[in-house]
Undergrad: 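I have a structure here, written as structure tokens, and I will follow up with some questions on it.
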Amino acid sequence: MKIFNTQTRRKEEFVPVEPGKVGMYACGPTVYNFFHIGNGRVFVLFDTLRRYFEHRGYDVTFVQNFTDIDDKMIRRAAEEGITVKELADRFIAAYYEDAGSLGIRPATVHPRATEHMPEMIAIIEKLMDKGLAYEAHGDVYFDTQAYKSHYGKLSGQNLEDLESGARVDVDEMKRHPMDFALWKAQKPGEPAWESPWGMGRPGWHIECSAMSMKYLGETIDIHGGGEDLVFPHHENELAQSEGATGKPFVRYWMHNGFLNINNEKMSKSLGNFQTVHDIVQQVDPEAVRFFLLSAQYRSPLNFSREQIDQAKAALERLYTARDNYLFLREGAEDRPLTEAEQALVGAASASIAQFDAAMDDDFNTADAIAAMFELVKQANIAAKPGCAKEALAAVLHAFGEMADVLGIVKPQEENLDEKYAAQLAARAQARKDKNWAESDRIRDALKALGVTVEDTAQGQKVRKI
RNA sequence: GGCGCCAUAGCCAAGUGGUAAGGCGAAGGUCUGCAAAACCUUUAUUCACCAGUUCGAAUCUGGUUGGCGCCUCCA
């Protein structure tokens with residue numbers, strides 16, 4: 001299995017810290033609002049990685065945090081006239097709902113920053129002890145000059161270059177423009193926690209270091225998020241974590257490409273923010289997930305209604321295929337395989353191998369999806385009414401494995417045959433009598449109820465539109 | 001100024017040295033009472049452009065053009 005590592009900028013063979021186990025950490029949302037479709041891409045990506053590792057037999061511990069204290073949280077809570085905690089609780093609940101609609105499973109742990117103050121303070125103290133941090137008027141800063149030889153290794157920049165392009169306001173408290181806050185002294189009216197440096201709150205980056213080390217150990221396998229997090233967020237996490245422990249922090253850094261809206265960057269000023277909460281009201285959430293997986297994760301992706309419609313149409317082919325195989329299974333025969341059926345069983349396992357090979361190559365979901373379509377192609381040709389049970393079972397198994405990893409084509413709960421039994425019986429009789437007018441009338445009536453009925457060699461087949 | 005990315009058909013998108021996957025869309029056909037689904041056929045002599053390396057390049061090198069990201073909160 002190969003993973004593109006942002007730090008080395010090349011694909012590397014994946015070797016976990018502990019054989020058979022994977023520890024991964026994704027930077028989660030700041031819970032001051034519904035998360036947007038760009039966040040959704042990150043969450044779907046990491047959910048899919050996790051599913052794939054599990055499919056390959058790894059024991060996965062997946063941590064995704066909630067940032068529940070920062071400037072945006074404080075501002076928004078003030079606007080709403082509620083506490084920061086109330087704001088956080090509201091949007092954490094919304095996260096689970098919206099993520100669920102995209103088929104994103106809850107992580108192993110979803111830690112909250114505000115519940116990990118002691119862990120953060122411990123790291124800052126360690127950095128102070130090592131001379132990599134300094135206190136100034138109740139603030140604590142990471143001393144990038146003291147860590148000069150290591151700083152910048154993730155983003156591939158050195159301190160001088162960063163400094164020359166820095167648009168950072170020079171803070172009087174800082175010794176160097178690139179130094180960043182580990183702890184911020186309390187300002188009037190802000191939530192604050194006790195610390196050796198007085199009341200205050202953590203800086204932007206320290207929470208991810210503290211929570212990832214708490215749940216995954218000092219060296220984790222995979223850490224990632226959107227590509228904009230490379231600098232400064234992950235660079236700073238790396239500096240403070242390795243500065244504190246003296247051990248490698250992350251083995252593989254993964255960053256996904258940006259998602260644009262109608263070819264424009266999503267931003268407040270353009271007013272084109274699209275939350276998943278809103279999108280899933282309008283379009284099939286599974287089509288959104290499929291769309292997010294339709295390109296390699298490091299490529300930029302353009303969100304538009306047209307793209308979602310295309311994704312929906314593609315997904316429709318997979319749904320129809322799966323439904324057809326389930327329908328055929330009802331009339332399948334328990335008998336030895338014909339030569340063609342043996343070939344189909346072979347094609348089914350070949351498709352899983354193709355799928356795994358694609359995913360092994362830096363999680364190439366576009367190629368993995370192609371493997372599903374190739375199975376469908378073979379199965380549509382070879383699987384016929386009265387075919388052998390074993391052949392259909394192999395197809396359905398392969399299809400299910402792949403769909404599970406991608407988190408698409410979930411099973412239908414409703415039994416449509418039972419639900420519309422009366423109409424179907426009447427229509428069967430009409431067809432027997434060659435009463436086409438009546439037969440078509442019933443078909444149209446069912447269509448109005450949201451289901452189509454198809455006539456096959458095996459009888460009538462109903463499916464949702 | 002520094003670091004980095006991208007350009008493949010009408011649309012989306014794989015492919016990083018051996019002669020262009022897959023999906024959507026479109027056109028024609030088979031099957032069907034009619035449909036639907038499915039299947040068959042067609043839809044890039046060519047991968048932004050120009051040089052170069054090579055027996056061979058979408059793939060490597062240099063350049064040009066166009067687009068984008070980070071260096072400030074941002075997934």
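Quick caveat: nothing in here was measured; it's all calculated off a predicted structure.
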Undergrad: What contact category does G225(A) fall into here, base, sugar-phosphate, or nothing, at under 4.0 angstrom with non-hydrogen atoms?
TA: sugar-phosphate

Undergrad: With both distances under 3.5 Å as the test, what is the Watson-Crick or G-U wobble partner of A44(B)?
TA: none

Undergrad: Does any N or O in the side chain of N256(A) come within less than 3.5 Å of the main-chain N or O of R298(A), such that one atom is a donor and the other an acceptor?
TA: no

Undergrad: Going 5' to 3' through nucleotides 31-44 of chain B, assign each nucleotide B (protein heavy atom under 4.0 Å from a base atom), S (under 4.0 Å only from sugar-phosphate atoms) or - (no protein heavy atom that close).
TA: --BBBBSSSS----

Undergrad: Whole Å only: how far is the CG atom of D228(A) from the C1' atom of C70(B)?
TA: 8 Å

Undergrad: Say whether, by atom type as modelled, one donor and one acceptor occur between the side chain of N272(A) and the main chain of K265(A) under 3.5 angstrom.
TA: yes

Undergrad: Does H110(A) reach the main-chain N or O of Q64(A) with its side chain, forming a donor-acceptor pair under 3.5 Å?
TA: yes

Undergrad: Do you know which two heavy atoms are closest between R427(A) and S439(A), and how far apart they sit?
TA: NE-O, 3.0 Å

Undergrad: Which nucleotide wins on minimum distance to the side chain of N364(A), given the candidates A14(B), G23(B), A75(B)?
TA: A14(B)

Undergrad: Using a cut-off of under 3.5 Å, enumerate the N/O to N/O pairs linking the protein to nucleotides 4-6 of chain B.
TA:
none

Undergrad: So, using side-chain hydrogen bond (donor to acceptor under 3.5 Å, both in side chains) as the criterion, who are the partners of N262(A) when residues are at least two apart?
TA: none

Undergrad: Using atom names, set out every protein N or O paired with an N or O of nucleotides 17-22 of chain B below 3.5 Å, distance rounded to 0.1 Å.
TA:
residue, atom, partner, partner atom, Å
A21(B), O2', E374(A), OE2, 3.4

Undergrad: Measure from CZ on F231(A) to P on U72(B) and round the result to the nearest Å.
TA: 6 Å

Undergrad: Show me the donor-acceptor pairs within less than 3.5 Å that the side chains of residues 43-52 of chain A make with the rest of the protein, sequence neighbours left out.
TA:
residue, atom, partner, partner atom, Å
D47(A), OD1, R105(A), N, 3.0
D47(A), OD2, R51(A), NE, 2.8
D47(A), OD2, R289(A), NH1, 3.0
D47(A), OD2, R289(A), NH2, 2.8
T48(A), OG1, V44(A), O, 2.7
T48(A), OG1, R289(A), NH2, 3.1
R50(A), NE, E54(A), OE2, 3.4
R50(A), NH1, P106(A), O, 3.0
R50(A), NH2, P106(A), O, 3.3
R51(A), NH1, D404(A), O, 2.8
R51(A), NH2, G103(A), O, 2.8
Y52(A), OH, R56(A), NH1, 2.7
Y52(A), OH, D356(A), O, 3.1
Y52(A), OH, D360(A), OD1, 2.8

Undergrad: What I want to check is whether an N or O donor and acceptor connect the side chain of Q310(A) with the base of C11(B) at under 3.5 Å.
TA: yes

Undergrad: With a 4.0 Å cutoff (strictly under), does any side-chain N or O of N302(A) reach OP1 or OP2 of C68(B)?
TA: no

Undergrad: Give the rounded distance in Å between these two atoms: CG of L315(A) and C1' of C24(B).
TA: 12 Å

Undergrad: Less than 4.0 angstrom between a side-chain N/O of H36(A) and OP1 or OP2 of A75(B), yes or no?
TA: yes

Undergrad: Rounded to whole Å, how long is the line connecting atom NZ of K72(A) with atom C1' of A75(B)?
TA: 11 Å

Undergrad: Could you tell me the separation between the CD atom of E235(A) and the C1' atom of A75(B), rounded to a whole number of Å?
TA: 18 Å

Undergrad: Name the atoms and distances for all side-chain donor-acceptor pairs under 3.5 Å in residues 376-387 of chain A, with sequence neighbours left out.
TA:
residue, atom, partner, partner atom, Å
N380(A), OD1, Y325(A), OH, 2.9
N380(A), ND2, V376(A), O, 3.4
K384(A), NZ, I381(A), O, 2.8

Undergrad: Decide whether a cation-pi geometry holds between K11(A) and F4(A); the criteria are a distance under 6.0 Å from NZ or CZ to the six-membered ring centre and an angle within 45° of the ring axis.
TA: no

Undergrad: When we call it a touch if two heavy atoms are under 4.0 Å apart, what does Q157(A) touch: a base, just sugar-phosphate, or nothing?
TA: base

